[in-house]
Trainee: 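Below is one structure. I have some questions about it.
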Amino acid sequence: MDSVFLYSGLYLAFLMIFPLYRALRGPTVVDRMLGVNAIGSKTVVLLILIGLIFNRVDMFVDIALAYAMLNFIAVLAASRYFHKRKGLYDELQ
Amino acid sequence: MDIIVCLFLFAGLFFFTGGSVGILRFPDFYSRLHPAGKLATLGSFSAIAALALFNLHQFSLAALLTSVKILLLVVFVFLTSPTATHAIVDAGVRAGLTPWTKGEKRR
């Protein structure tokens, strides 16, 4: 069973490249936030997978919970920040 | 028991794949939000449910507590992921990003 977790963890890490590409290339700032949010939600699952591989699940569940909270707050703060600033538009034109 | 865990895990990975490819392929920011918001939530639900289920193998009270904590994490992800997506859309709309129409070039 451990190899299943290892390979699914590696596959999940490989899956993170697409939102990373979207975060790098995304025309607007909100695209970048979208990519960061997608990577964050994948990291939460990856953390629990790593916890299972290392047989220390209760430690890694707490880390995953904290990471999910931080991801959520970061996205909220970033989207709140871009309400005011009009910087969003420079990339479009 | 293992088969159910593998089934859920592969379903979760399948939804994650759909989400990631959807983020790349869709033409506009708003349409890109559909796969990102929905599939990431569902993918993390089934993957984490699989891991919680796997955790109950050697049934002890500590394992039960950890599984309940993992399921709590699933509930948390269910609450926060749509809210975060809504916050992003709000930022986009408020900044005046117009949705993509059929004839337009990919944005």
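Note on naming: letters A, B, ... go to the chains in the order of the sequence lines (proteins, then strands), and numbering restarts at 1 for each one. Note: hydrogens, waters and symmetry copies are ignored here, and every other heavy atom, side chains too, is used.
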Trainee: Name the option with the most non-hydrogen atom pairs under 4.5 Å to chain A; the candidates are B:L72, B:T41, B:I48, B:L65.
Mentor: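 Most heavy-atom pairs under 4.5 Å with chain A: B:I48.
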
Trainee: Restricting to non-hydrogen atoms, name the atom on B:G22 and the atom on B:R32 that form the minimum distance, rounded to 0.1 Å.
Mentor: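 Nearest heavy atoms, B:G22 then B:R32: O-CG, 4.0 Å.
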
Trainee: Is there a donor-acceptor pair closer than 3.5 Å between any side-chain N or O of B:S81 and the backbone N or O of B:V77?
Mentor: no

Trainee: Which bit of A:D58 comes within less than 4.5 Å of chain B, counting heavy atoms only: side chain, backbone, both or neither?
Mentor: both

Trainee: Main chain of A:A38, side chain of A:S41: is a donor-acceptor contact present, judged purely on distance under 3.5 Å?
Mentor: yes

Trainee: Can you see which heavy atom on B:P35 is nearest to which on B:I23, and at what distance?
Mentor: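 So the minimum-distance heavy-atom pair works out to CG-N, 4.1 Å.
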
Trainee: Counting heavy-atom pairs under 4.5 Å to chain A, which of B:L39, B:V93, B:T80, B:V21 comes out on top?
Mentor: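 Most heavy-atom pairs within the cutoff with chain A belong to B:T80.
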
Trainee: Please classify the contact between B:F16 and chain A as side chain, backbone, both or neither, with a heavy-atom cut-off of under 4.5 Å.
Mentor: both

Trainee: Please look at B:L9 and chain A and tell me whether the side chain, the backbone, both or neither of the residue comes under 4.5 angstrom of a heavy atom of that chain.
Mentor: side chain

Trainee: Using a 6.0 Å cut-off, check whether atom CZ of B:F45 has over 12 heavy atoms from anything other than its own residue.
Mentor: no

Trainee: Check whether B:V5 gets within reach of chain A through its side chain, its backbone, both or neither, counting any heavy atom under 4.5 Å.
Mentor: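 The side chain, not the backbone.
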
Trainee: Can you tell me which portion of A:M69 sits under 4.5 Å from chain B's heavy atoms? Options are side chain, backbone, both or neither.
Mentor: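 For A:M69, the contact with chain B is made by backbone and side chain together.
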
Trainee: Flag yes if more than 12 heavy atoms outside A:F5 fall under 6.0 Å of its CZ atom; otherwise flag no.
Mentor: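 Counting other residues, nucleotides and ligands, CZ of A:F5 exceeds 12 neighbours.
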
Trainee: How would you list, in number order, the residues of residues 48-56 of chain A that have a heavy atom less than 4.5 Å from chain B?
Mentor: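 Listed by number, the contacting residues are A:I48, A:L49, A:L52.
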
Trainee: For residues 9-19 of chain B, pull every pair meeting side chain to side chain donor-acceptor pair (under 3.5 Å), keeping only residues two or more places apart or in separate chains.
Mentor: A:Y11-B:T17

Trainee: Against chain A, label B:D90 side chain, backbone, both or neither, depending on which of its atoms sit under 4.5 Å from a heavy atom there.
Mentor: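 The answer is both parts of B:D90.
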
Trainee: What's in the same ILVMFWY side-chain cluster as A:Y7, cut-off under 4.5 Å, chained through other members?
Mentor: A:L10

Trainee: Evaluate whether atom CZ of B:F14 has more than 12 neighbouring non-hydrogen atoms of other residues, nucleotides or ligands under 6.0 angstrom away.
Mentor: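 Result for CZ/B:F14: open.
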
Trainee: Answer with side chain, backbone, both or neither: which region of A:V57 has an atom nearer than 4.5 Å to a non-hydrogen atom of chain B?
Mentor: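 Backbone plus side chain of A:V57, per the 4.5 Å heavy-atom cut-off to chain B.
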
Trainee: Test: salt bridge (Lys or Arg N to Asp or Glu O under 4.0 Å). Region: residues 65-89 of chain B. Which pairs qualify, not counting sequence neighbours?
Mentor: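 Qualifying pairs: A:D62-B:K69.
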
